[in-house]
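What you are looking at is a predicted structure, and each value in this text was computed from that prediction instead of being measured. Order of the sequence lines fixes the chain letters, A, B, ..., with proteins taken first and strands second; residue numbering starts at 1 for each chain.
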Amino acid sequence: MSETNEKLLKPYNPQETESKIYKLWEESGFFNPDNLPNVIKESFTIIMPPPNVTGVLHMGHALMLTIQDIMIRQKRMQGYKTLWLPGTDHAAIATQARVEKEVQKKEGKSRHDLGREEMLKRIKTYAQESHDTITSQIRVMGSSCDWSREAFTLDEKRNIAVNTMFKKMYDDGLIYRGNRIINWDPKGQTTISDDEIVYEERTSKLYTFKYSKDFPISISTSRPETKVGDVAVAVHPEDTRYIEFIGKEYDLEFCGVSLHIKIIADKEVDPTFGTGALGVTPAHSMIDWEIADRHELSRPQVINEYSKMTVGGENLLNKKTTEAREIIVEWLREQNLLEKEEEIKQNISTAERTGGIIEPLPKLQWFINVNKSIPERGNKTLKELMRDPLEKEEIKIIPEYFSKTYFHWIDNLRDWCISRQIWYGHRIPVWYRSTSLTAGKEEIYCGTEAPQGEGWKQDEDTLDTWFSSGMWTFSTLGWPEKTKDMETYHPTDVIETGYEILFFWVARMIMMSEYALGEIPFKNIYLNGTVRDSKGQKMSKSLGNGVDPIEISQKYGSDAGRMALIVGTAPGTDSKVDENKIKGYKNFANKIWNITRFVLDNNPYVGQMVPLCQTYGENKIVNEFNDITKDITNDMENYRFHLASEKIYHYIWHKFADELIEESKKDNEEGQQIKKILLPIWIDCIKILHPFMPFVTEEIWSMMPIESKNLLMIEKWPNV
RNA sequence: GCGCGGUUAGCUCAGUUGGUAGAGCAACCCGUUUACACCGGGAAGGUCGCAGGUUCGAGUCCUGCACCGCGCACCA
């Protein structure tokens, strides 16, 4: 046995092999498409969804990296100019909230104690550490991405792109500043978008009462404390019970607060709910705000950013909303106004990142208008720009049924609030100044850089993190500059991500790309499901049921982890982590290790090997293998990696090893015939398996007796 | 309330255009003069949630229902 093959005498050791192999790949330069020899086809591009710099990689990332690496490796072997561009996301609120929490815990200080500059310094340090961990973990997974093009959603180049986009949208009238009701997160002290709300079902009480003895109509609410902000009672226009009161106005005292209530008719009111009459609180309810719009009502704010009351006498003023609720209910009881108290199930809006209970508040914020027609884009609206490419099937979603969810979301889409009252993120590129010259009126300047002249102050707010993520497919390629990368790699081929961010991210990317470039950002959307624990529960920090992909790699090898994640995991469906399954694929790695030993050892035909792509005449075994190769290639090109991986696994173990190798041991004509073709078939098996289990196959490849071979990662995919 | 998905072997799940139901793991029997025990051979296991329909033929298509999960909306 030759020297290299001595390794084969011991069981396969992934720990020893994997880091060595990754280094080999990285040093080869082949992750960078510019360095690829033998490019015979056009470009194939995937921009990696950037993991948040809030900590470490989880199994979901591992799955995403596996799927993308499979696609990338196959395309690279097929001769495409293959680019997989990696990066990380600053994840504004998530990252800042994390560091704030840490500072609070360790030093007992708030972000305001530290100040903007110092806080940002702390966050940046944390983000950098997190970034370093994550990028090393991406390497551990075997991801063949081009590190020379790595990007960060908050680096300088991306900042230029973001500011350019903001200004373009501002100039086109798509970005506007408005005083509107928004979702306020009292815990995170910032606004959030509709999509960042998570609903939690809780039981709460529904109170039915009258404002005062003289008031003719009873109303119901689960939030009595907001009722000090009421300006009207709305009833359905055809509700005969109340028709006589419509238009009347009442002055009354409610728990020490003077209210002026007008009875109005509005079709939005459901006459069958509660008393059929709705107390209208414009400043603290989305629907009421809209009713106030229609009826030109005033909008007094009674709750502030800290969820405290801003009206009332000593009994209410500055009290937390929860206390105020008790006080008002008690007052209603005392006054004998409370008619009914019942338990109801209610969906509470909470902030996705902080868990804070959302308080709707009116605030001056920046919004993106999704319903304004854009002359430059054939008078289409942003909504239409998001919808069209999927409707026209320029973009395909895998699995296809998610397009229904997508359209449904667009139909319900409202203007997107993009300003955030946090410090970590892209600062809004708008400056204000009021001087004696402007006679008290504020000047506004929007630009990619600070304006000339004295006295300008930049907007304090930063942008929703998804604004910069939305530009990811082209900001990473150099936009707004007209770069060679833009020309070569855009539109990209596939975006691969979890279905849970279809709206947050995928839709916004389509919007941004269609708007700014008039081009789709990608041709295909591959949505993967959620990786759950063995019981089917979502992995989370609080449950402590997370499985660390790096631990898995150390214990079983990344190859095994990758196979366990992809075999049987159909697009869009959730999967469970099963350590037994991973163990099975560790055994598989060892199996192919031993197959290699057998094929190379005591095989007189090794020296006269003829590659399989050359003619073998009419050979049943070769034909069968070619069919399987074709089938697997076809599966992979149609995103059926869960099938392709299983098929190659099955062929290798149960056909190649259990049948062909066993028969080749026979000391007869047939056995000799099989022995002749073992190596050429085996070589192609290794190639087909490479995208799935890149490390062990590359290591085996290095031992193959082939003249002038290169790395397996750029070998030609079997062509049948 | 509207929408989407799931329901297939003990468990976890595949099943691409309708053509005799598949894998992994577990359990059962046999086997260690072996490339590999991180192994091999064998057998067992399913009225494909329920009820209709289309079809020569349905796990697959259509209709209805049940249960589970998810999304959106409502949440006065």
Checklist line | Watson-Crick or G-U wobble mate for rU33(B), both contacts under 3.5 Å | finding: none
Next item on the list: May I ask you to say what Gly568(A) touches in the nucleic acid, namely base, sugar-phosphate or nothing, with a heavy-atom cut-off under 4.0 Å?
Entry: sugar-phosphate
Next item on the list: Specify the separation, in whole Å, of atom CZ of Phe588(A) and atom C1' of rC38(B).
Entry: 13 Å
Checklist line | Separation of atom CH2 in Trp653(A) from atom C1' in rG41(B), rounded to whole Å | finding: 15 Å
Next item on the list: For Lys586(A) and for Arg223(A), find the nucleotide of RNA chain B with the closest heavy atom, then tell me which residue's nucleotide is more 5'.
Entry: Lys586(A)
Item checked: Distance, P atom - from rA27(B) to rU63(B), rounded to whole angstrom -> 44 Å
Item checked: Which nucleotide in rC38(B), rC4(B), rG15(B) has an atom nearest any side-chain atom of Tyr401(A) -> rC4(B)
Next item on the list: Could you work out the separation of rA44(B) and rG5(B) based on their C1' atoms and round it to a whole Å?
Entry: 33 Å
Item checked: Identified pairing partner of rC2(B), criterion: Watson-Crick or G-U wobble below 3.5 Å -> rG71(B)
Notebook entry, point to check: According to a strict under-4.0 Å criterion, is Lys581(A) in side-chain N/O contact with OP1 or OP2 of rG24(B)?
Noted result: no
Notebook entry, point to check: Who does rC61(B) pair with, Watson-Crick or G-U, both distances under 3.5 Å?
Noted result: rG53(B)
Checklist line | Proximal nucleotide (of rG5(B), rG15(B), rG40(B)) relative to the Lys591(A) side chain | finding: rG40(B)
Next item on the list: Establish, from distance only, whether the side-chain atoms of His654(A) and Glu659(A) form a donor-acceptor pair under 3.5 Å.
Entry: no
Next item on the list: Using the C1' atom as the reference point in each nucleotide, state the distance between rG24(B) and rG45(B) in Å, no decimals.
Entry: 15 Å
Checklist line | More than 12 heavy atoms of other groups within 6.0 Å of Lys523(A) NZ | finding: yes
Note to self: Between Ile566(A) and Ile70(A), is there a side-chain heavy-atom distance shorter than 4.5 Å?
What the structure shows: yes
Check: Which parts of nucleotides 69-74 of chain B does protein reach within less than 4.0 Å, heavy atoms only, written one letter per nucleotide 5' to 3' as B for base, S for sugar-phosphate only and - for none?
Finding: --BSBB
Check: In Watson-Crick or G-U wobble terms, both distances under 3.5 Å, what is the partner of rU16(B)?
Finding: none
Next item on the list: Once you apply the 3.5 Å cut-off to both distances, tell me the Watson-Crick or G-U wobble partner of rG24(B), or none.
Entry: rC11(B)
Checklist line | Pairwise C1' distance for rU60(B) and rG6(B), with rounding to whole Å | finding: 15 Å
Next item on the list: Could you check how far CD1 of Ile357(A) sits from P of rC75(B), rounded to whole Å?
Entry: 17 Å
Check: Looking only at atom P, what distance separates rU47(B) and rA21(B), rounded to whole Å?
Finding: 13 Å
Next item on the list: Report which part of the nucleic acid Glu662(A) touches: base, sugar-phosphate, or nothing (heavy-atom distance under 4.0 Å, all strands).
Entry: base
Checklist line | Side chain of Ile661(A) (C-beta onward), nearest among rC4(B), rA23(B), rA35(B) | finding: rA35(B)
Notebook entry, point to check: Going through the distances and angles, do Lys538(A) and Thr530(A) end up as a side chain to side chain contact (heavy atoms under 4.5 Å, CB included)?
Noted result: CA-CA 8 Å; Lys538(A) 228 172 172 172; Thr530(A) 307; 4.0 Å; yes
Next item on the list: Tell me the partner of rC48(B), counting only Watson-Crick (N1-N3 plus N6-O4 or O6-N4) or G-U wobble (N1-O2 and O6-N3) with both under 3.5 Å; none if nothing fits.
Entry: none
Note to self: Nearest to the Asn587(A) side chain among rG24(B), rC39(B), rC75(B), which nucleotide is it?
What the structure shows: rC39(B)
Notebook entry, point to check: Is the ring centre of Phe402(A) less than 6.0 Å from the ring centre of Tyr499(A)?
Noted result: yes
Checklist line | Asn590(A), nearest nucleotide to its side chain (from rG40(B), rC38(B), rA14(B)) | finding: rC38(B)
Item checked: Gap in Å between the two P atoms, one belonging to rC48(B) and one to rG31(B), rounded -> 37 Å
Check: Is any side-chain N of the basic residue among Arg180(A) and Asp415(A) closer than 4.0 Å to the acidic one's carboxylate O?
Finding: yes
Next item on the list: Give one of base, sugar-phosphate or nothing for His284(A), where a contact means two heavy atoms less than 4.0 Å apart.
Entry: nothing
Note to self: Using whole Å, what does the distance between atom C1' of nucleotide rC13(B) and atom CE of Met563(A) come to?
What the structure shows: 15 Å
Next item on the list: Look at Ser403(A) and rC4(B) and indicate whether a side-chain polar atom (N or O) is within less than 4.0 Å of OP1 or OP2.
Entry: no
Checklist line | Distance, P atom - from rA9(B) to rG59(B), rounded to whole angstrom | finding: 14 Å
Item checked: Between rC13(B) (P) and Phe641(A) (CZ): distance, integer Å -> 21 Å
Checklist line | Nearest-nucleotide 5' precedence on RNA chain B, Phe402(A) against Ala657(A) | finding: Phe402(A)
Next item on the list: In sequence, state the C-alpha distance, the side-chain angles, and the governing distance for Leu278(A) and Val235(A), and then conclude on side chain to side chain contact (heavy atoms under 4.5 Å, CB included).
Entry: CA-CA 6 Å; Leu278(A) 162 66; Val235(A) 297; over 6 Å; no
Check: Could you give the OH-to-P distance, from Tyr585(A) to rC13(B), as a whole number of Å?
Finding: 14 Å
Check: Base, sugar-phosphate alone, or nothing: which one does Lys665(A) contact when heavy atoms must sit under 4.0 Å apart?
Finding: base
Notebook entry, point to check: What is the nucleic acid contact for Ser575(A), judged by heavy atoms within less than 4.0 Å: base, sugar-phosphate only, or nothing?
Noted result: nothing
Notebook entry, point to check: In whole angstrom, what separates Glu201(A)'s CD from rG1(B)'s C1'?
Noted result: 14 Å
Note to self: Just to be sure I understand the rule, does Ile595(A) reach a base, reach only the sugar-phosphate, or reach nothing, if contact means heavy atoms closer than 4.0 Å?
What the structure shows: base
Notebook entry, point to check: What does Asp270(A) touch in the nucleic acid at a heavy-atom separation under 4.0 angstrom: a base, only the sugar-phosphate, or nothing?
Noted result: base
Next item on the list: Examine rC13(B): is either OP1 or OP2 under 4.0 Å from a nitrogen or oxygen in the side chain of Lys576(A)? Give yes or no.
Entry: yes
Notebook entry, point to check: Under 4.0 angstrom, heavy atoms only, what part of the nucleic acid is Thr275(A) near: base, sugar-phosphate, or nothing?
Noted result: nothing
Note to self: Between the side chains of Lys383(A) and Asp411(A), is the shortest nitrogen-to-carboxylate-oxygen separation below 4.0 Å, so that they form an ion pair?
What the structure shows: no
Next item on the list: Check step by step if side chain to side chain contact (heavy atoms under 4.5 Å, CB included) holds for Phe503(A) and Trp466(A).
Entry: CA-CA 10 Å; Phe503(A) 311 139; Trp466(A) 298 104; over 6 Å; no
Check: Are Thr281(A) and Lys227(A) linked by a side-chain donor-acceptor pair shorter than 3.5 Å?
Finding: yes
Check: How close or far is atom P of rG22(B) from atom NE2 of His642(A), stated in whole angstroms?
Finding: 17 Å
Note to self: One thing to verify: whether Lys576(A) and Asp578(A) come together as a salt bridge, which I'm taking to mean a side-chain N less than 4.0 angstrom from a carboxylate O.
What the structure shows: no
Note to self: Give me the distance, rounded to whole Å, that separates rG41(B) from rA26(B) when you measure between the P atoms they each carry.
What the structure shows: 16 Å
Check: Reckon Val567(A) touches a base, only the sugar-phosphate, or nothing at all at heavy-atom distances under 4.0 Å?
Finding: nothing
Checklist line | Sugar-phosphate only, base, or nothing, as touched by Gln346(A) at under 4.0 Å among non-hydrogen atoms | finding: base
